[in-house]
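Any value given below was found using the heavy atoms of this structure, including those in side chains, with hydrogens, waters and symmetry copies removed. Labels below follow one simple rule: chain letters A, B, ... track the order of the sequence lines, proteins then strands, and each chain is numbered from 1. Predicted, not measured: the structure shown is a model, and the values here were computed from it.
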Amino acid sequence: MATTVKDPAVAMPQPPVKHGISFLTSRLRQIGIFVALLVIVTLFQVLTGGALLQPDNVSNIIVQNSYILLLAIGMVMIIVAGHIDLSVGSVAAFVGAMSGIMVQDWSFPWWLAFIVSLVIGGLVGAWQGFWVAYVGIPAFIVTLAGMLVFRGLTQIVLENQRITGFPEEYRQLGGGFLFPGLFPAETNILDWTTVGLGVIAVVLLVVSQLRGRATRARLNLEDEPAAWFFTKLAFIAVIILGLTYLLAGSRSGTPIVLVVLGVLIVAYSLVMSNSVFGRHIYARGGNLQAAQLSGVNTKRIDFMLFVNMGVLAALAGLIFTGRLNSAGPGAGNLFELDAIAAAFIGGAAVTGGVGTVIGAITGGLIMGVLNNGMSLLGVGIDYQQFIKGMVLLLAVGFDVFNKRRASSALK
Amino acid sequence: MAENILRMHRITKTFPGVKALQDVNLDVARGEVHAICGENGAGKSTLMKVLSGVYPHGTYDGDIEFEGRVVEFKDIRDSERDGVVIIHQELALSPFLSVAENIFLGNEREKRGFVNWNETNLEAAKLLRRVGLDLSPTVRAGDIGVGKQQLVEIAKALSKNVKLLILDEPTAALNDEDSAHLLGLVKGLRSEGITSIIISHKLNEIREIADSVTILRDGRTIETLSLHDGSVTEERIIKGMVGRDMESRYPDRTPVIREEVLRVEDWTVHHPQESSRVIVDKANLSVRAGEVVGIAGLMGAGRTELAMSIFGRSYGSNITGTLYKNGTPITARTVGEAIRHGIAYATEDRKRYGLNLIDDIKRNISGAALGKLAKRGWVDSGREAVVAGDYRTSMNIKAPSVTAVTGKLSGGNQQKVVLSKWMFSDPDVLILDEPTRGIDVGAKYEIYTIINRLAAEGKAVIVISSELPELLGICDRIYTLAEGRITAEVPIAQATPELLMQFMTKEKD
C-alpha cells in the first residue's frame with residue numbers, strides 16, 4: 001500500500017495568524033500605496049510651507065480630482081477584467097455637451113438632463129460593450145475608436161462652440177457644498193454639518209470593521225494580528241477626522257461631490273468584494289477559460305462593465321461641466337490616461353484579476369496631490385508630466401519586482 | 001547490424017518530484033527508421049527533447065553519441081547544426097508567413113541582412129518538390145491543410161541538411177491519405193540515407209515502415225525489437241507497452257449501480273476552426289448512478305473534445321447528437337446550462353482551465369456555484385468560508401487556511417480544490433479528465449478514494465485517463481476511443497490492458 005493519507009485531525013484549522021514582519025511583507029503592496037500617499041502629502045506639506053493642507057486647498061484637491069477618481073472606479077473594474085477603456089475622457093465630454101444642449105437649447109429641467117445624460121452614458125457603454133463582448137474586438141481597439149468617435153461627436157453637437165451659463169442647480173453637483181447656509185463660516189468656528197458627517201463616517205467604519213473582524217474570528221479566518229488591526233483602524237479614523245476638521249474649517253464645508261464620491265467608493269467596493277457580479281469580474285480577469293468552464297457568462301460580464309463605465313463617465317462629465325460651468329469641445333482631454341494611471345498606481349495588474357477600488361482611489365489621490373503640490377510650488381506643467389510619468393513607471397515596476405521576488409521565494 | 005548513428009546511454013531526466021526518464025538507452029542504426037512506442041507519459045517526448053537540445057546538456061544525466069562522437073547540445077540550433085532535426089507534434093509554422101518564409105525561418109537566404117527572395121522561393125520550390133508537394137512557395141502556411149503543413153515541416157528539416165529526423169506523432173492529426181503520403185516520404189528519405197526516429201501510437205503504421213522499435217514504459221527502456229523478420233506482432237508490442245504489475249494502488253469499493261443518469265447518442269463533433277474535420281464520430285455512451293465509467297484513448301483520440309463538447313458545447317462546432325438526462329432529452333448549449341442540468345467537468349489541465357491561480361481556495365471552490373451562496377446577487381462570504389472550510393477538512397486539502405492562494409498549492413491539493421468546486425455545484429454526473437495527472441502516488445490514492453465516495457453517494461462518474469492501470473483499478477466499465485470513435489465497451493471483468501490497447505489503436509476499417 002502506498003497510501004500517505006494523513007489523519008484529518010492533523011490538518012484541522014489552525015488560526016492562521018502571521019506575526020509581525022511576515023504579515024507586513026505579505027501586505028506590502030497595499031500598505032505601500034498608503035504609505036506613499038502619506039509620504040507625498042507630508043513632503044509637499046513641508047515644501048509648500050503648510051499651504052497643501054490649508055482647509056480651502058484640501059477642499060480644492062477633492063473637487064479638482066473628483067471626476068478622475070470617479071472614472072478610476074469604473075476603470076479599475078475594467079482593468080481587473082483584463083480590458084482597458086481609452087474613451088472615457090471623450091465620453092465624459094460628449095455627455096457634458098449633450099447635457100448642455102438639453103438645458104440650454106431644449107430647456108430641459110436640470111434633473112431631467114441628468115437622468116437623460118446618465119442614460120446616454122449607459123447607451124454609449126452598451127455600444128462599446130457590444131463590440132468588446134459579443135463581437136470580440138479587443139477593448140483597446142474598440143475604445144481607441146470610441147475616443148475618436150465621441151470626441152468627434154462632441155465637436156459636432158457643439159458645432160465647435162462652448163456652452164456656458166448652466167443653471168444654478170446643475171452646477172451644484174460639481175461645485176456645490178452641503179447646506180452652505182446652515183452654519184455660516186462668519187458665525188461658526190466649524191461647519192457642523194461636515195463634523196456630523198465625519199463622525200457618522202467614523203462610527204460606521206469602526207462598527208463595520210469590528211463586526212467583520214468578529215465574524216472572521218468566529219470562522220477562524222482572521223489572519224490579521226490584533227495589534228495591526230487596531231492600529232490600522234485608529235489610523236484610518238484619525239485620517240477621516242483630520243480631513244473632517246480641515247473641511248469643516250474651510251470656507252464652505254463639505255463639497256457635494258465628496259458625498260457622491262464617498263457613497264460610490266463604498267458601494268463599488270462592496271460590489272467588487274461581495275457581489276456575485278464583482279466576484280465574476282475577478283474570476284474572468286484571473287483566468288478567462290476557468291471562469292467560462294465554471295459557467296460564468298463572461299460576455300455578459302464584459303458588456304455590463306462597459307455599460308457601467310459609460311454611466312460613470314457620464315456622471316464625471318456632469319460633474320466637471322458643472323464645476324467649470326462650461327461644456328467645450330476639448331473638455332475631458334486625457335482624463336482616460338489619468339484614470340488608467342490611478343488604477344495601475346493603485347495596484348491593479350496589467351494582466352487582469354487584481355485590483356481594488358480603494359487602491360485606485362489612493363492611486364488617483366497620489367496623482368492629485370502631486371499635481372496640486374507641484375502647482376503650489378510653481379513647478380511647470382512640463383516637469384509635472386515628467387514626474388507623474390516616472391511615478392507610474394516606478395509604481396508598476398515595484399509591483400513587478402515584488403511579484404518576481406515572491407515567486408522566486410516559492411521555488 | 002549496421003553502424004549506429006546515435007547512441008543514447010543511461011539518460012536520466014528529473015523534473016521536480018518526478019523522474020521522467022531513468023537510465024534510458026537508445027541505439028539507432030544509420031539509415032533505418034526507428035520507432036519509439038509507449039503509453040502516454042512513458043517518456044517518449046521527453047527523450048526526444050533531450051536528444052534535440054530542448055532540454056540542454058547539463059539538465060539531464062547520461063551521454064549522447066551522435067555519428068561516433070559525444071555531443072552536448074545546448075539548444076535546438078546546436079543540434080540542428082549537427083543534423084538532428086525534430087518535428088514536434090504541435091506544428092511550429094507561423095500561419096501568416098509564406099511557406100517559403102517558414103521553411104527558411106531562422107535560416108534565411110540572405111546577404112548582409114537582406115533576404116534574397118528569388119533564392120528563397122526557388123530553393124523552397126525545390127524542397128517542396130522533394131517532399132512531393134505541388135504547392136507555390138508563396139502560399140501562406142495557414143492556408144494549407146494540416147497534412148501539407150506536416151510536409152512543409154519536413155521540407156524545412158531537409159533545408160537544414162538533416163541527418164537524423166525525429167517525428168513526434170506525425171500522423172496523429174492527419175487523415176489516411178495524408179498519412180500514407182507522409183509515411184511514403186519517410187521511406188523515400190530512408191533510401192536517400194536519412195535516418196528517422198518516429199514516435200507513434202499507431203502500431204500498424206510502425207510495423208509498416210519501421211525497421212526496429214524501442215519500447216519505453218514509466219521512463220525506462222523495456223526492449224528494442226527488430227521488425228525485419230515479421231515475427232513481432234502488434235500484440236507483442238502492446239505487451240511491452242503495458243506489461244507492468246498492478247499493485248494494490250486502488251482503494252476497495254463495492255459498486256452499487258442504479259438507474260441510468262446520462263446517455264449520449266450519436267454524438268458527432270467537428271473541429272472548431274476546420275469544420276470539415278470530424279473529431280468525435282457518432283459516439284454513444286451512457287453512465288449510471290453509482291457507476292464509475294472509464295474512457296480510454298491515446299493522445300489525439302478525442303477524449304477531452306468529447307467531454308468538453310458534452311459539457312455545454314465548450315469545444316467544437318457543428319455538434320449533432322442527443323443528450324439524455326434521466327431518460328429525457330436535454331439541451332446544454334452553454335456551460336451554465338450544463339451545470340444546471342447537473343453535469344460537472346473537471347479539466348485535464350487544471351492550471352490553465354480549472355483554477356484561478358491568483359485567487360484563494362474558498363473563492364475557487366465557490367466559483368462554479370456562487371449563486372448557492374448568494375441572496376439577490378450578494379455573496380454571503382461567511383457561509384462561503386464555512387463551506388470551503390468543510391471541504392478543506394473532508395477532502396484533506398493541505399493548506400494553512402482557505403484564504404491560501406491556489407497557485408501555491410501542490411498538484412494534488414489543487415486537484416482537490418477543483419473537485420471540491422464541482423462537488424459544491426452538486427452535480428449528478430461528474431466528468432473527470434485526467435484526474436491524477438501530475439500528482440504523486442499518495443495523493444492519487446486520495447483522489448481515487450474521493451471518486452469512490454462520489455460513486456457511493458450515487459453520482460455518475462466518468463473518468464478519462466491515459467493510464468490504463470488506473471482505469472482498470474477504479475472503473476466498472478470502460479469505453480475505448482480511437483480517432484474519435486467509440487471502438488469498444490468493455491465490462492471491467494473482461495478488461496485487460498492488452499485488450500484495451502488493441503481497441504485504442506484500432507483504425508478505421
Chain A heavy atoms under 4.5 Å from [X]: which part of the residue, side chain, backbone, both or neither?
{"X": "B:Lys375", "answer": "neither"}
{"X": "B:Glu384", "answer": "side chain"}
{"X": "B:Thr347", "answer": "side chain"}
{"X": "B:Ser394", "answer": "neither"}
{"X": "B:Arg363", "answer": "both"}
{"X": "B:Leu355", "answer": "backbone"}
{"X": "B:Thr334", "answer": "neither"}

Counting only heavy atoms not in [X] (residues, nucleotides, ligands), do more than 12 fall under 6.0 Å from its [atom1]?
{"X": "A:Tyr134", "atom1": "OH", "result": "yes"}
{"X": "B:Lys351", "atom1": "NZ", "result": "no"}
{"X": "A:Lys299", "atom1": "NZ", "result": "no"}

> Which value, rounded to the nearest 0.5 Å, describes the distance between A:Ser273 atom OG and B:Trp378 atom CH2?
Replying inline: 7.5 Å
> For the atom pair CG (B:Asp359) and CZ (A:Arg279), what is the distance rounded to the nearest 0.5 Å?
Replying inline: 7.0 Å
> With respect to chain A, which residue among B:Val379, B:Ile339, B:Asp380, B:Leu373 yields the maximal number of heavy-atom pairs within a distance under 4.5 Å?
Replying inline: B:Val379
Search all heavy atoms of [X] against all heavy atoms of [Y] and return the closest pair with its distance.
{"X": "A:Ala290", "Y": "B:Gly354", "answer": "CB-C, 3.8 Å"}
{"X": "A:Ala283", "Y": "B:Asn356", "answer": "CA-ND2, 3.8 Å"}
{"X": "A:Val276", "Y": "B:Ala374", "answer": "CG2-CB, 3.4 Å"}
{"X": "B:Lys421", "Y": "A:Ser294", "answer": "NZ-OG, 2.7 Å"}
{"X": "A:Leu293", "Y": "B:Tyr353", "answer": "CD1-CB, 3.7 Å"}

> For A:Leu288, is it the side chain, the backbone, both, or neither that has a heavy atom closer than 4.5 Å to a heavy atom of chain B?
Replying inline: neither
> Looking at A:Thr215, A:Asn297, A:Val271, which makes the most heavy-atom pairs under 4.5 Å with chain B?
Replying inline: A:Val271
